[in-house]
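Heads up: the structure comes next, in structure tokens.
Reckoned from all heavy atoms, side chains included, excluding hydrogens, waters and symmetry mates.
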Amino acid sequence: MNQKYEFAEIEAKWRNIWAGQKADKAVHDPNKKKFYLLEMFPYPSGRIHMGHVRNYAIGDLLGRFYRMNGYNVLHPMGWDAFGLPAENAAIERGTHPHKWTLQNISAMREQIKALGVGYDWDREIATCHPGYYKWTQWFFLQFMKKGIAYRKKTFVNWCGKCHTVLANEQVEDGACWRCDTHVVQKEMVGWFLKITDYAEELLADLELLAGKWPDRVLTMQKNWIGKSVGAKVKFAVDGASESIEVFTTRPDTLFGAMFVCLAPEHELTKKLSAGGTEEAKVAEFLKTVAKQDTLARTSEDAEKLGVFTGRYAVNPMNGEKIPVWSANFILAEYGTGAIMSVPAHDTRDFAFAKKYNLPIRRVVLQEGEDEKAPLESAYSGDGLLVSSGNFTGMNNREAVPKINEFLKTAGAGEGSTVYRLRDWGISRQRYWGSPIPVIHCHKCGVVPVPEKDLPVVLPTDANLLSEGRSPLPELESFLNVQCPRCGADAKRETDTMDTFICSSWYYHRYTSPRCESAPALREEIDYWMPVDKYIGGIEHAILHLLYARFFNKFCRDIGLLKADEPFSNLLTQGMVIKDGAKMSKSKGNVVDPDDILRRYGADTARVFILFAAPPERDLEWDDSGIEGSHRFVTRVYRLFAKWIPELRDFKGGGDAPDAELRRMRHVTIKRFTLDVRDRTHFNTAIAAGMELLNFLADYAPKNDDDKAELKGTLLDYLKVLHPFMPFLTQELYSEFGYGEYLTTVKWPEYSEAFTVSDVQTIVVQVMGKVRAKLEVPVGTPEEEIKKLALVQEKVVQAIGSGTVKKIIVVPGRLLNIVF
RNA sequence: GCGAAAGUGGCGGAAUUGGCAGACGCGCUGGACUUAGGAUCCAGUGGGCAACCGUGGGGGUUCGAGUCCCCCCUUUCGCACCA
């Protein structure tokens, strides 16, 4: 065999062979236990970057590992192919998003193939393909049927640069998640999905994921859903027919409510002040608030501003008339958009009352406190109720259900739960996305496109407009259509769907990617789902992962599948950074994967990336580190080049080989198995591989038994290394005379008994400090070890004239002499 | 401000249950081979001359602490008027 490691040749050779054999094809087989492995599919931006390489290297390693361990592995790849960058790039370059996207897909597919990732390419999907988005649209129709998709006019997040609306999840610190442009509020009509119908289940089922998803992600989702338990209470407006409904988490403090506060956007703010003494002041106030930036207005340290509306509300508990205010810190979209203010027991209300000189009344007291004593700050803790009518004297927490009951009887409210989660705004005023399949008819109103007419094809001949606006509203051939209900002239909806919809169900589609009768075949989807390991970046902690969970639950509810949760296990990989910063063109610290592959080959690139850090941690790219990994891969090659000619045809040998060689063999298999399967820490597995290499490099067999053991060790070594460096190991396996695809070869087993040496080192400590080490045969009696330890020169010295009080023994490891 | 995670040699990182801190690799030093070395191989490499000292700092528990407890510092991330 070639003495030199020609990685380019080796990798090209096996890439072709595997592709020709469709070696990584996944086939539904109910008799085999399945393993669905998935990396978050990429946006086809044009080139892969190191983050992708890391993502796929981790995925491929696990895919091959589980296959070798007897699982039927589904490991697919596809493209999140709709989205804004395609449009922007197309405008810039004078091409078309469709063409640009398809070109990018071909280029990136080649790059990924070069990495040697064992995907089942027959299952490749692209969300911009009509065969795919037909079903995206179909889902929209199902949502409509169930009343989950609806249209409303409301204030939405508008990104001026992207020229489109954004969902709440897509706004980060008041800026567009994609381009960082400051988001403004704009009132417009759009489509929404009632994800809030699933708020409780999305929250509760996080329990099912505990321990299997990173805690960080679970916490983020929990906070995002933001459940609050409390009560809704109606305050009648004095001298008016309206009443104000407020939400509070503290119905126990109702008797301390000194005023009511409306959000400026609340319809009653204008209505109640109209014609009253405060009308002008309220109007002025609303103008000021309108000018305030949303982000600034809702930040904690923003100045609290308010205005009296001139009206009074009646507290249903005690009939007390309290003033109605409007305040800038009240959010129209949370709860009911109105609150009752209890300055004594809420920090914000306290500050507000102080500022506008409003009264404060304590209704929850700690033991021994004086009700009349002035408050320095709000007390939000527990205690006994005072000044609370029939509830006076009760423990505040115990009073809550009783007060709720009273409210209900009085018709003034009831216990209630609200969520911070808002409905998902999915209309996008852009072109390169899936059309929303509805038609607007003068007579019939909004009419869904009949399922048989799907897909509503996105025309690929549209001329893009330079300012980014969608060409669809001006494209007559797309726009004009007959109403499917009455046949009259009608117009198509020109908004497209948020691309997060496309990515909310792609993992279902992989299970039967060419199915034409449904999004996926029931028996396929129920066999493969849920995804057993999902690998991707933490940046989707809320966005994609929340949307996908919602979609999956909806799919379950309409009878498409049975899994409650789509992703049983989530691995969030860290970023690839260089010089302490995320790789980016603007920082000029980008390492091009192609360049690395050309210089070192895919096996080296993978080994480096897996070795440099455990997967969830950020990985610091290091040019000399990759040299080191290349050295390791090359040394592996040379080791085999040395032994294969001699061992290839060697047969025979007995079962009494060199114990140390045998121990190294079993220890290595054990470490690989546990590190990959249980810990998903690949860096330590590679370290074990390096240790075995260091051992084998100096090893010389003394007899045929040793030779047989060495051959077995080398073959096992190839197997455990295979998921890390598939090309090289396959080449060496074949040089050894074996024909099979290594990924289909059984993962080696280790014997616990062979992992232990027959001598062991016992550390001898005196008062916790290491003074000596003893080499003793396994099974040496404790008494004998103690005796030996006590005569060690260093031990005698350390004890000096002291008397030994006790000796602590950790069997097989350590001995601590206390005096 | 609140919450979470992290802090270990010059660097990336090991130490799985409280039991030899620094595995493995990078880098560095010296050597071998060589016309040459940015190839390869060998040896060494936490600090200190030593006793000893060392896992962000300070206390504690324990025969024994990187690991457990308390206080503090730093970094990263998340949340941040949510009634």
Side-chain angles (χ1 to χ4, degrees), chain A residues 172-173 214-224 226-228 230-231 246-250 253 257 261 263 297-304 327-331 333-342 345-349 351-352 380 418-422 538 541-542 574 607-608 611-614 616-629 631-632 634-635 638 671 674-675 678-679 681 683-694 697-698 761-773 805-819:
Chain A
E172 292 169 353
D173 288 331
D215 287 342
R216 281 201 317 143
V217 178
L218 296 175
T219 309
M220 283 164 75
Q221 292 222 351
K222 185 170 173 243
N223 291 341
W224 186 261
K227 179 179 181 175
S228 291
V246 306
F247 173 75
T248 177
T249 54
R250 296 291 304 273
T253 63
C261 265
R297 197 185 121 189
T298 54
S299 89
E300 203 171 351
D301 36 61
E303 196 190 355
K304 294 174 179 34
N328 66 340
F329 66 93
I330 310 300
L331 306 172
E333 64 274 15
Y334 183 76
T336 60
I339 63 158
M340 64 172 200
S341 284
V342 184
H345 304 292
D346 181 283
T347 319
R348 291 154 304 169
D349 297 347
F352 195 78
S380 54
V418 305
Y419 298 89
R420 203 185 79 125
L421 179 70
R422 305 262 60 89
I538 188 88
I542 294 175
V607 165
F608 171 70
F611 180 60
E616 61 277 5
R617 227 190 277 194
D618 282 350
L619 182 152
E620 172 79 29
W621 186 268
D622 177 8
D623 287 329
S624 51
I626 193 153
E627 296 275 356
S629 294
R631 204 169 300 154
F632 169 57
T634 308
R635 284 182 69 206
R638 284 205 307 265
R671 288 177 64 186
L674 299 187
D675 283 351
D678 299 343
R679 302 203 317 147
H681 276 205
N683 53 335
T684 48
I686 293 173
M690 289 171 169
E691 286 178 54
L692 181 63
L693 177 70
N694 290 340
D698 299 330
T761 307
I762 307 285
V763 173
V764 182
Q765 297 182 338
V766 178
M767 300 303 284
K769 286 196 165 71
V770 180
R771 296 298 177 188
K773 288 175 188 183
K805 271 197 209 135
K806 92 174 140 168
I807 298 176
I808 287 146
V809 180
V810 181
R813 309 192 76 151
L814 172 142
L815 198 118
N816 191 8
I817 300 166
V818 185
F819 72 93

Just the rounded figure in Å: distance from P of B/C79 to CG of A/D173. 7 Å
Please name all residues satisfying ring-ring contact (aromatic ring centres under 6.0 Å, His included) with A/W621, sequence neighbours left out, ordered by chain then number. A/F608
Non-neighbouring partners of A/F329 that pass ring-ring contact (aromatic ring centres under 6.0 Å, His included), sequence neighbours left out: A/F352
Applying side-chain contact (heavy atoms from CB on, under 4.5 Å), run through A/K227 and A/Y419 and close with a yes or a no. CA-CA 5 Å; A/K227 179 179 181 175; A/Y419 298 89; 3.6 Å; yes
Can you tell me how far [atom1] in [N] sits from the matching atom in [M], rounded to whole Å?
{"N": "B/G9", "M": "B/G44", "atom1": "C1'", "value": "15 Å"}
{"N": "B/G47", "M": "B/A51", "atom1": "C1'", "value": "14 Å"}
{"N": "B/G12", "M": "B/A43", "atom1": "C1'", "value": "24 Å"}
{"N": "B/G37", "M": "B/G19", "atom1": "C1'", "value": "47 Å"}
{"N": "B/U75", "M": "B/A80", "atom1": "P", "value": "22 Å"}
{"N": "B/A32", "M": "B/G22", "atom1": "P", "value": "31 Å"}
{"N": "B/A23", "M": "B/U45", "atom1": "P", "value": "10 Å"}
{"N": "B/G13", "M": "B/A6", "atom1": "C1'", "value": "14 Å"}

Name the orientation of the base relative to the sugar in B/G9: syn if the glycosidic angle is within 90° of 0, else anti. syn
Look at A/R420 and B/A80 and indicate whether a side-chain polar atom (N or O) is within less than 4.0 Å of OP1 or OP2. yes
Looking at the side chain of [X], which of [options] is the nearest nucleotide?
{"X": "A/T761", "options": "B/A83, B/C20, B/G13", "result": "B/C20"}
{"X": "A/R638", "options": "B/U16, B/C41, B/C82", "result": "B/C41"}
{"X": "A/R617", "options": "B/C20, B/A14, B/A83", "result": "B/A14"}

If you look at every heavy atom in A/A541 and A/M220, which pair is closest and at what distance? CB-CE, 3.5 Å
Taking only residues two or more places apart in sequence, or in another chain, which ones meet [X] in a side chain to side chain donor-acceptor pair (under 3.5 Å)?
{"X": "A/R250", "result": "A/D252"}
{"X": "A/D618", "result": "none"}
{"X": "A/R771", "result": "none"}
{"X": "A/R420", "result": "none"}

Summarise protein proximity over nucleotides 59-66 of chain B in one line of letters, 5' to 3': B for base, S for sugar-phosphate only, - for none, counting protein heavy atoms closer than 4.0 Å. ----BS--
Let me have a per-nucleotide readout for nucleotides 50-55 of chain B, 5' to 3', with B, S or -, counting only protein heavy atoms under 4.0 Å. --SS--
Short heteroatom pairs, N/O only, protein and nucleotides 22-26 of chain B, under 3.5 Å:
| residue | atom | partner | partner atom | Å |
| --- | --- | --- | --- | --- |
| B/A23 | O2' | A/E691 | OE2 | 3.1 |
| B/G25 | OP1 | A/N694 | ND2 | 3.2 |
| B/C26 | OP1 | A/R631 | NH1 | 2.6 |
| B/C26 | O2' | A/S624 | OG | 2.9 |

Where are the stems of RNA chain B, defined as at least 3 consecutive Watson-Crick or wobble G-U pairs with both distances under 3.5 Å? B:1-7 with B:73-79, B:10-12 with B:24-26, B:27-32 with B:40-45, B:56-60 with B:68-72
The residue, A/D698 or A/T249, whose nearest nucleotide of RNA chain B is more 5′ is A/D698
With nearest nucleotide decided by heavy atoms, which residue, A/R422 or A/W224, maps closer to the 5′ end of RNA chain B? A/W224
What does A/D215 touch in the nucleic acid at a heavy-atom separation under 4.0 angstrom: a base, only the sugar-phosphate, or nothing? nothing
Touch class at under 4.0 angstrom, heavy-atom based, for A/T248 against every strand present: sugar-phosphate
For nucleotides 75-77 of chain B, print each protein N/O atom paired with a nucleotide N/O atom at under 3.5 Å, atom names and distance only.
| residue | atom | partner | partner atom | Å |
| --- | --- | --- | --- | --- |
| B/C77 | O2' | A/R216 | NH1 | 2.8 |

I'd like to know if the side chain of A/N328 reaches the main chain of A/E303, judged simply by a donor and an acceptor atom lying under 3.5 Å from each other, with no hydrogens or angles considered. yes
For A/E616, the side-chain contact (heavy atoms from CB on, under 4.5 Å) test, sequence neighbours excluded, returns A/L571, A/P614, A/H681
